[in-house]
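Each residue takes its place number in the sequence, starting with 1. For the numbers below, each heavy atom of this structure counts, side chains included, while hydrogens, waters and symmetry mates do not.
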Amino acid sequence: MYSKLYYIDNLVNHRVCIVEILKLENFDFSAESSYLSIRRTVGVKEKKKKRAATKDIARISLEDLAKYFDLPIVEASKNLKVGITVLKRKCREFGIPRWPHRKIKSLDGLIRDLQEEVERQQEDDEAAAMVVAKRQRMIESEKKSIEKEPFMEIQRETKKFRQDIFKRRHRVRALENEYRALTLF
């Protein structure tokens, strides 16, 4: 007769066998117990993730990183198959002080808002639509330059424009909330 550990060692990936062995031992299958806790109880070790090879890390270039600037750093590190710390270290090597995802996401939002405004303005005022379209092109070019040189700061004019947009949105939300409060009474 084989020992329980022999079955577990040979049938590690077969949950049914482990559960059957535990049933023989009158294991408590409460709602809190999970498959992982059952495996830990019987002494089965999980495989550790392998580190990325040093040569693979050394091969990561700025162009490789640039492909993932539109993603959060956690997703980018998973796609590049390296850890977050390794990715941050590579960024510092290239002179990138912070992962530019939020900066690019912010510019994308501004571009999207301006595109909607251009479409609205084309119906009413052609000259205003041209001004808004010009601003949109300016922000798009700034986004492209940040994707090429992520250590670059957003221009002062763009920062002021973004702040103005945020303030307007806040005022609109505040007025909507005030209106809702008045209609309830």
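At least one side-chain heavy atom of Arg162 sits less than 4.5 Å from a side-chain heavy atom of Ser106. Counting only heavy atoms from C-beta outward, the side chains of Arg180 and Glu176 approach each other to under 4.5 Å.
Rounded to the nearest 0.5 Å, atoms CD (Glu142) and CD1 (Ile111) are 9.0 Å apart. Expressed to the nearest 0.5 Å, how far CD of Glu147 lies from CG of Leu62 amounts to 11.5 Å. Distance check, rounded to the nearest 0.5 Å: CZ of Arg171 to CG of Leu175 gives 9.0 Å. Rounded to the nearest 0.5 Å, atoms CD (Glu63) and CZ (Phe94) are 8.0 Å apart. Taken to the nearest 0.5 Å, the CG atom of Leu107 stands 4.5 Å off from the CD1 atom of Ile154. Atom CD1 of residue Ile139 and atom CD of residue Gln155 lie 9.5 Å apart, to the nearest 0.5 angstrom.
A donor and an acceptor atom, one from each side chain of Glu126 and Gln122, are nowhere located under 3.5 Å apart.
For the side chain to side chain contact (heavy atoms under 4.5 Å, CB included) with Lys67, the lone residue among Leu71, Asp64, Asp70, Leu65 that qualifies is Asp64. Under the side chain to side chain contact (heavy atoms under 4.5 Å, CB included) test applied with Ile73, the options His101, Arg102, Lys88, Arg98 reduce to a single match, Lys88.
For Glu153 and Lys159, the salt-bridge test passes: some basic side-chain N is under 4.0 Å from an acidic carboxylate O. Look at Lys143 and Asp108 and you find a salt bridge, because one of the NZ, NE, NH1 or NH2 atoms lies within 4.0 Å of a carboxylate O, short of that distance. A salt bridge does not link Lys160 to Glu157: none of the charged nitrogens lies less than 4.0 Å from a carboxylate oxygen. Of the charged side-chain nitrogens involved, none lies within less than 4.0 Å of a carboxylate oxygen, so that Arg120 and Asp124 do not count as a salt-bridged pair.
The ring pair (Phe, Tyr, Trp, His ring centres under 6.0 Å) check on Tyr68 picks up nothing, with sequence neighbours excluded.
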Practice task
Applying side chain to side chain contact (heavy atoms under 4.5 Å, CB included), run through Ile60 and Leu87 and close with a yes or a no.
Solution key: CA-CA 9 Å; Ile60 296 175; Leu87 182 57; 5.7 Å; no

Handout entry: Candidate pair Glu93 and Lys90, rule salt bridge (Lys or Arg N to Asp or Glu O under 4.0 Å), full reasoning
Key = CA-CA 5 Å; Glu93 285 177 21; Lys90 287 302 282 187; 3.2 Å; yes

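The shortest non-hydrogen separation linking Ile84 to Val74 is CD1-CG2, 3.7 Å. Here the shortest heavy-atom pairing between Val118 and Ala133 reads CG2-N, 3.6 Å. Of all the heavy atoms in Met152 and Lys103, the pair that sits closest is O-NZ, 2.8 Å. Nearest approach of Leu114 to Val132, heavy atoms of both residues: O-CG1, 3.6 Å. Summarising the geometry of Pro72 relative to Trp99, their closest heavy-atom pair is C-NE1, 3.8 Å, with the distance given to 0.1 Å. In terms of heavy atoms, Gln121 sits closest to Ala128 at OE1-CB, 3.3 Å.
Sparse packing is recorded around CZ of Arg168, with 12 or fewer heavy atoms of other residues, nucleotides or ligands lying under 6.0 Å away. Annotation: Met130, atom CE; neighbour count of heavy atoms from other residues, nucleotides and ligands within 6.0 Å does not exceed 12.
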